[in-house]
Amino acid sequence: MYSEKVMDHFMNPRNVGEIEDADGVGQVGNAKCGDIMKMYLKIEDGIIKDAKFKTFGCGAAVATSSMATELIKGKTIKEAEQITNRVVMEALDGLPPVKVHCSVLAEEAIAAALQDYRRRNGLEEDDRYKGCSGCCGGCGSVEMHHGTENDEEAE
Amino acid sequence: MYSEKVMDHFMNPRNVGEIEDADGVGQVGNAKCGDIMKMYLKIEDGIIKDAKFKTFGCGAAVATSSMATELIKGKTIKEAEQITNRVVMEALDGLPPVKVHCSVLAEEAIAAALQDYRRRNGLEEDDRYKGCSGCCGGCGSVEMHHGTENDEEAE
Amino acid sequence: MQKQIIYFDHAATTYVKPEVFEAMKPYFLQEYGNPSSIYSIGRSNRKAVEDARISVAKSLGAAEPSEIYFTGSGTEADNWAIKGAAQALRKKGKHIITSSIEHPAVMATCEFLKKEGYDLTIIPVDSEGLVHPDDVDKAIRPDTVIVSIMMANNEIGTIQPIKEIAQVCRKHGVLFHTDAVQAAGNIPIDVKDLGVDLLSVSGHKFYGPKGTGVLYIRKGVRIENFIHGGHQERNRRAGTENVPGIVGLAKALELAVENMDAHTRKLTSLRDRALKGITERIPYVRVNGSLERRLPGNLNVSFRFVEGESVLLMLDMKGIKASSGSACTSGSLDPSHVLLAIGLPHEIAHGSLRLSFGEINTEEEVDYLVDSLVEILDKLRNMSPLYEDFVKGENKNV
Amino acid sequence: MQKQIIYFDHAATTYVKPEVFEAMKPYFLQEYGNPSSIYSIGRSNRKAVEDARISVAKSLGAAEPSEIYFTGSGTEADNWAIKGAAQALRKKGKHIITSSIEHPAVMATCEFLKKEGYDLTIIPVDSEGLVHPDDVDKAIRPDTVIVSIMMANNEIGTIQPIKEIAQVCRKHGVLFHTDAVQAAGNIPIDVKDLGVDLLSVSGHKFYGPKGTGVLYIRKGVRIENFIHGGHQERNRRAGTENVPGIVGLAKALELAVENMDAHTRKLTSLRDRALKGITERIPYVRVNGSLERRLPGNLNVSFRFVEGESVLLMLDMKGIKASSGSACTSGSLDPSHVLLAIGLPHEIAHGSLRLSFGEINTEEEVDYLVDSLVEILDKLRNMSPLYEDFVKGENKNV
Ligand SMILES: Cc1ncc(COP(=O)(O)O)c(C=O)c1O
Ligand SMILES: Cc1ncc(COP(=O)(O)O)c(C=O)c1O
């Protein structure tokens with residue numbers, strides 16, 4: 001079902017973790033849909049010096065997170081904005097049709113983290129980023145995603 | 001599907017043929033249903049001295065004809081009248097349900113031949129015999145069976 | 001009574017070819033996973049199913065593998081096509097067209113829909129068993145939802161002008177289904193060239209396994225699902241895939257298409273040999289169906305004055321397996337509806353024999369068949385009151 | 001990554017046992033005749049089918065072999081039972097009752113009928129997945145035509161009080177169907193004692209072949225046919241009989257019933273060993289379904305903060321095959337409707353794993369599974385933003 005590249009990035013994900021003093025943090029998706037991506041960026045002089053992620057989700061979600069962080073590291077913000085879900089998918093040698101939404105999530109997670117960076121730095125917000133298109137139609141803005149439905153107790 | 005007895009009487013039918021100077025001849029069934037039995041009886045002093053048959057029909061039709069002639073040979077007319085389809089079937093170790101009508105036909109062929117004998121000899125006709133019950137519901141009296149739908153040309 | 005079995009009933013069912021069996025085997029014992037599973041044992045199964053789909057698509061000339069749906073039988077494919085189309089197009093109308101010589105899988109399905117309130121037009125056939133496209137043209141109404149005409153008949157082997165009928169249907173914008181259960185693997189099929197919308201196949205007519213079938217659904221054609229449930233077959237036919245069955249069907253069809261020329265030559269030659277022997281040596285015989293537009297392996301003859309089952313049983317005692325009408329309808333008292341439809345009187349229809357030749361048959365077997373028939377017909381006619389009447393009538397005429 | 005495969009997904013499908021395969025084999029290659037034929041090769045097939053029917057009747061406790069109908073899958077049996085009853089009883093009404101944890105084969109069939117204008121009542125289950133007979137009692141209306149409640153659930157293994165539900169239905173004179181696809185061959189079934197009217201079975205859940213099923217129809221119960229066509233199965237299910245499949249299903253069920261005690265002991269012990277290992281060594285785990293009324297081989301657990309497919313894939317990399325929810329529904333984005341029905345929040349339902357043990361499994365395999373899960377959960381939770389939030393929250397609370 002998954003390409004070898006996907007399986008490689010799933011089994012050996014690059015850039016897993018947090019960045020304590022991140023310059024931008026974005027989280028998209030929600031637990032209801034089964035996918036949450038949280039992206040941490042370290043940005044210096046408009047260049048993405050480091051990127052890390054945490055992901056709750058399926059194999060494709062983990063692999064696209066991993067690939068997306070790989071693709072944006074060392075890029076300028078402008079360049080990072082060009083990393084669409086299509087680019088991530090191609091870098092992974094494709095995804096099964098039912099998993100395409102995961103790559104959309106990766107694109108949106110980057111966008112959300114960049115938006116957070118702009119906001120923190122008083123930069124003009126990118127009106128291209130209108131919030132997540134929604135893995136399952138239920139998503140709203142970045143803030144809304146954060147921590148939703150994450151407070152129920154497992155027995 | 002058929003018992004060994006049925007197959008034996010089908011493959012080696014007893015009493016096939018005509019009796020030139022028969023005392024009673026009966027024919028039942030019709031070609032439309034795929035079964036016709038013609039029974040010839042030689043009767044002396046109220047005893048069936050000989051019985052022969054010709055049958056157009058399936059394995060069960062041939063076997064019941066054969067068994068029926070065997071059963072009535074040497075019997076008095078009264079005794080022969082007791083040979084119901086059930087008796088013929090039992091003597092053959094049974095028939096598949098869809099073939100039970102063939103044994104009815106055998107009973108009726110005997111009855112028709114005996115009726116013919118009575119008629120020829122001015123004896124009282126047996127009101128028990130009302131004509132064939134019909135292998136396929138389409139039959140009427142003995143006369144009607146005779147030769148019906150038997151005149152179409154094969155190409 | 002000889003011990004060896006001579007099988008002339010390949011239209012009823014075929015054995016599974018050893019190559020086909022070998023292809024199926026691993027999917028029973030080792031590669032048994034569920035194709036819907038995401039792990040690797042399930043994935044190899046998934047691949048086997050999708051490879052089979054590609055292969056069947058190629059064998060039938062489909063534009064895309066996604067037009068191929070695996071079913072549990074030819075009958076299921078027929079039910080699905082007709083009921084599914086009727087249901088999907090309810091708003092358009094409730095009129096169905098079929099022919100008078102369809103297999104019960106189509107005929108009983110149409111009769112069921114008739115009971116449900118559908119109008120049913122049954123197109124007659126000519127004396128060779130052919131449907132005339134013009135008759136279809138005339139029968140189509142604005143409320144017609146589907147036309148179902150079989151590609152090749154299972155009893156008399158007649159091959160219909162499917163391409164022409166498909167054109168008529170397309171002209172009217174009406175869905176066209178063909179039951180190709182007897183055709184598939186026996187004559188070339190190219191669904192694109194034929195222009196059909198729906199086409200049914202059954203695995204066990206070309207040396208594949210029983211309990212397997214295919215419904216071809218042309219891309220863009222929407223019919224209602226028939227078996228509802230899980231997401232198998234792209235949400236259109238539910239039930240855990242019969243992986244060995246699917247692999248076997250595809251392999252068998254592949255082999256059949258590969259060997260089509262040799263198969264046709266061999267079966268036609270056996271058929272013609274039998275035909276010649278029978279008609280030369282047995283009087284009062286009628287050959288049923290078209291001699292030109294005919295399945296290579298099919299021969300259907302009527303022997304006057306005798307009844308078919310008797311002939312079959314006596315052949316069976318000689319080790320020869322054949323059929324009288326369709327195997328499916330044995331047990332019924334009525335003679336074959338197909339033989340009646342081509343105009344045979346009942347008593348002659350009753351005396352009919354279907355011989356369907358296959359790849360294992362030999363000329364020696366055919367010669368033995370003819371010898372056996374000569375002997376059997378002699379015996380049965382001597383036992384027949386109809387023959388007696390006929391001979392007496394003849395003698396009178398002399 | 002180890003090469004050997006460890007299969008813990010027997011609820012999705014099983015391999016075919018070698019004895020079963022051997023029983024099927026002759027019907028592919030030698031005894032290939034059509035059971036509807038009258039000649040001897042067909043007759044031996046007929047006998048094989050009828051012997052299988054007798055055997056299945058015995059295995060299920062049916063009063064008569066004639067109550068057993070062979071189908072092309074468990075899904076087909078479910079479709080037939082529900083649609084057939086609905087159609088036959090249309091005059092009585094258009095109300096159907098089912099439960100919230102049915103397999104898609106039942107659920108999608110009911111949804112289809114709903115689209116056709118039927119009223120559908122879906123009975124909820126409690127937190128263990130149990131249907132309460134009282135709820136069925138209350139749901140039955142004068143226009144109810146059928147109640148369909150599964151015998152044992154495919155995801156959480158819960159066994160329903162079928163006898164009690166059947167009594168409720170009988171009291172009201174309403175037909176009762178149970179999908180026993182997961183139950184058959186795994187727990188004892190006695191249709192007479194249960195008092196059900198209709199019961200579905202699938203061959204590939206107890207080491208029999210895929211693409212085979214059974215519908216038990218109690219004597220006297222009249223439902224409309226589902227697959228129309230030839231006269232097979234006493235005119236009630238058309239299509240050339242899948243003789244090897246039927247023989248295989250019967251043989252597999254026979255073996256399962258014979259070995260039921262040992263099977264139950266072994267699977268329960270493996271299941272309990274896994275349960276103990278997992279709950280002792282992994283925190284934040286929830287066990288789903290009843291521990292008392294449960295299929296012996298079923299274990300269903302939810303791991304908080306992680307997503308099920310990731311767990312499955314990592315297990316797969318270690319050679320371990322399991323399932324997350326039902327195999328049939330993988331490919332869907334929604335978490336299992338069964339887990340939601342027993343009250344799990346979405347995110348916890350997403351992190352669920354179904355382990356279904358089988359006769360080939362060993363204690364060593366179970367121990368390896370537990371070790372693997374410990375390692376995998378550690379890795380995935382470290383990658384999970386939900387776990388990060390949870391830990392930070394915990395820390396804050398300290
Ligand atoms: C409870 C239940 N019902 C029905 C089915 C469908 O059976 P089949 O796959 O044979 O169609 C399954 C399994 O797939 C099942 O687990
Ligand atoms: C023309 C035709 N259609 C349909 C069928 C039904 O196929 P199956 O037996 O696979 O259901 C048959 C044969 O049985 C057939 O000959």
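Letters A, B, ... mirror the listed sequences (proteins, then strands); counts begin at 1. This structure is a prediction, so every number in the text was calculated from the model and none was measured.
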In terms of heavy-atom pairs under 4.5 Å with chain D, the winner among E241(C), H204(C), M24(C), E102(C) is H204(C)
As an exercise: rank [options] by heavy-atom pairs under 4.5 Å with chain C and give me the winner.
options                           : result
A105(D), G245(D), G72(D), G248(D) : A105(D)
T75(D), T109(D), T212(D), I246(D) : T75(D)
K17(D), Q87(D), M107(D)           : Q87(D)
P244(D), G239(D), S73(D)          : G239(D)

Do the side chain of [X] and the main chain of [Y] share a donor and acceptor less than 3.5 angstrom apart?
X       : Y       : result
K210(D) : Y32(C)  : yes
N34(D)  : T13(C)  : no
N79(D)  : I227(C) : no

Identify the two heavy atoms, one from [X] and one from [Y], that lie closest to each other, and give their separation to 0.1 Å.
X       : Y       : result
G229(C) : A108(D) : N-CB, 3.5 Å
Y7(C)   : G33(D)  : OH-CA, 4.5 Å
P104(C) : G230(D) : CB-N, 3.7 Å

Honestly, the part of V106(D) sitting under 4.5 Å from a heavy atom of chain C is neither
Requested in this report: Check each atom of T14(D) against the heavy atoms of chain C and say whether the ones under 4.5 Å are side chain, backbone, both or neither.
Outcome: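 Answer is backbone: N, CA, C or O of T14(D) sit under 4.5 Å from chain C.
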### Task
Under the side chain to side chain contact (heavy atoms under 4.5 Å, CB included) rule, what do E111(C) and H228(D) come out as? Steps first, then yes or no, please.
CA-CA 9 Å; E111(C) 298 286 355; H228(D) 293 88; over 6 Å; no
Exercise. Hey, what's the ring geometry for F226(D) with F226(C), parallel, tilted or perpendicular (30° and 60° as the breaks)?
Worked result: parallel
**Aromatic plane relationship, F21(D) with F21(C) - under 30° parallel, 30 to 60° tilted, over 60° perpendicular** =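 F21(C) vs F21(D) ring planes: parallel.
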Check whether more than 12 heavy atoms from other residues, nucleotides or ligands sit under 6.0 Å from atom CZ of R234(C), and answer yes or no.
->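 Yes - once you tally the heavy atoms of other residues, nucleotides and ligands closer than 6.0 Å, there are more than 12.
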Checklist entry - Salt bridge or not for R237(D) and E76(C), using N-O below 4.0 Å? => result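 Between E76(C) and R237(D) there is no salt bridge, as every charged N stays at least 4.0 Å from the carboxylate O atoms.
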Can you tell if the side chain of E224(C) reaches within under 4.5 Å of the side chain of K115(D), non-hydrogen atoms only?
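Yes - at least one pair of side-chain heavy atoms lies under 4.5 Å apart.
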